[in-house]
Amino acid sequence: MKTDDYRVKPDLPLDLSKIPSEDNGGLEREEGEKHFRRLRKRLRELQELHYAERTRGMLIVLQGMDTSGKDSTIRTVFSGVGPAGVKVVNFKKPNSREIEHDYLWRVHPHAPRNGRTVLFNRSHYEDVLVVRVNNLVPKERWEKRYDHINDFERMLTEEGATIVKFFLHISKRYQKQRLQRRLDRPEKHWKFDPGDLPVREKWDEYQQAYQVALQRCSPGHAPWYIIPAERRWFRNLLVARVLVETFERLNMQFPKPTFDPRSVVIPD
Ligand code: AMP
Ligand code: MG
């Protein structure tokens with residue numbers, strides 16, 4: 001399995017409807033899960049090194065339709081990663097204050113400081129997804145946002161951040177199963193949001209909006225990966241693998257101590 005096969009290449013055409021959402025990378029579940037546990041351990045080590053090095057931030061963006069598993073990916077892939085170095089930011093409908101500002105105003109303060117890993121559960125991409133599908137601002141405004149987003153992300157990376165983005169890809173049929181499950185199990189009722197149904201009705205428009213955003217905003221320094229998300233073990237494996245590779249490419253080093261450890265004597 002090569003992670004690069006799942007990266008969105010900005011110069012190639014993209015047709016989301018042709019990308020399988022139940023792919024397993026040619027692996028069996030059992031070996032996939034074993035592999036995942038090793039990667040997760042490695043991810044913990046790398047995140048600690050990144051935290052210790054404290055010279056740059058890591059921004060991870062998660063997007064996907066309702067029930068695509070954004071929360072569960074965060075919970076599973078990051079279980080055991082030191083909570084001090086990691087923050088999850090959930091982007092909901094803008095509140096009355098946020099809506100009075102430009103759409104990046106509420107986003108920028110959450111960009112990671114050096115050494116920190118920040119996970120965006122939804123993100124500034126909603127401003128070219130839900131906003132585009134429902135024309136929450138006129139087309140003349142949202143259509144300029146792809147360029148702003150590219151500029152914003154380029155600025156963050158030129159200032160030292162690393163950015164990696166995941167689209168959790170599911171089918172409409174799979175979403176139906178997952179929504180039904182939330183209705184059938186009393187302990188899942190809290191997850192059911194009747195507001196998800198009108199969104200589901202516009203499935204094709206959302207897929208189209210995702211396709212444009214993924215295609216237009218996937219430069220090499222801030223790539224999108226399309227994660228087939230219906231086999232959850234494979235989703236976790238692929239996300240973890242991309243993250244491990246992304247951290248490894250940074251060639252991180254533990255900072256040199258400012259003292260000579262051999263010369264220090266701890267008093268009794
Ligand atoms: P959830 O993540 O399912 O709890 O829901 C969050 C909701 O907030 C989703 O329906 C998003 O589409 C919506 N949302 C997030 N960002 C924006 C935005 N910038 N404008 C409008 N709606 C948004
Ligand atoms: Mg929802």
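For ligands, and for the atoms within them, numbers begin at 1 and follow the listed sequence.
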## Note on the structure
Sorted by chain and residue number, the residues with a non-hydrogen atom under 4.0 Å of ligand 1 are Asp66, Phe91, Lys92, Lys93, Pro94, Arg106, Arg122, Glu126, Asp127, Val130, Val131, Leu136
### Message
Would the distance check show the side chain of Arg231 and the main-chain N or O of Glu22 forming a donor-acceptor pair, the cut-off being under 3.5 Å?
### Response
yes
### Query
Closest heavy-atom contact between Lys165 and Cys217?
NZ-O, 2.7 Å
### Task
For Lys9 and Asp4, indicate whether the former's side chain and the latter's backbone hold a donor-acceptor pair under 3.5 Å.
yes
#### Entry: Donor-acceptor contact present, side-chain Gln47 to main-chain Val81, <3.5 Å
no
### Query
Which protein N, O or S atoms lie under 2.8 Å from the Mg ion (ligand 2), given by chain and residue number?
Asp66 OD1
### Query
Does Ile19 offer a backbone N or O that forms a donor-acceptor pair with the side chain of His169 under 3.5 Å?
yes
### Query
So do Asn134 and Val130 actually touch side chain to side chain, heavy atoms under 4.5 Å?
yes
### Query
Could Asp147 and Arg216 be called an ion pair, given the rule that one side-chain N must be under 4.0 Å from one carboxylate O?
yes
### Message
If you define the side chain from C-beta out and look only at heavy atoms, does anything of Phe91 sit under 4.5 Å from Asn121?
### Response
no
### Between Phe247 and His50, ring centroids under 6.0 Å
yes
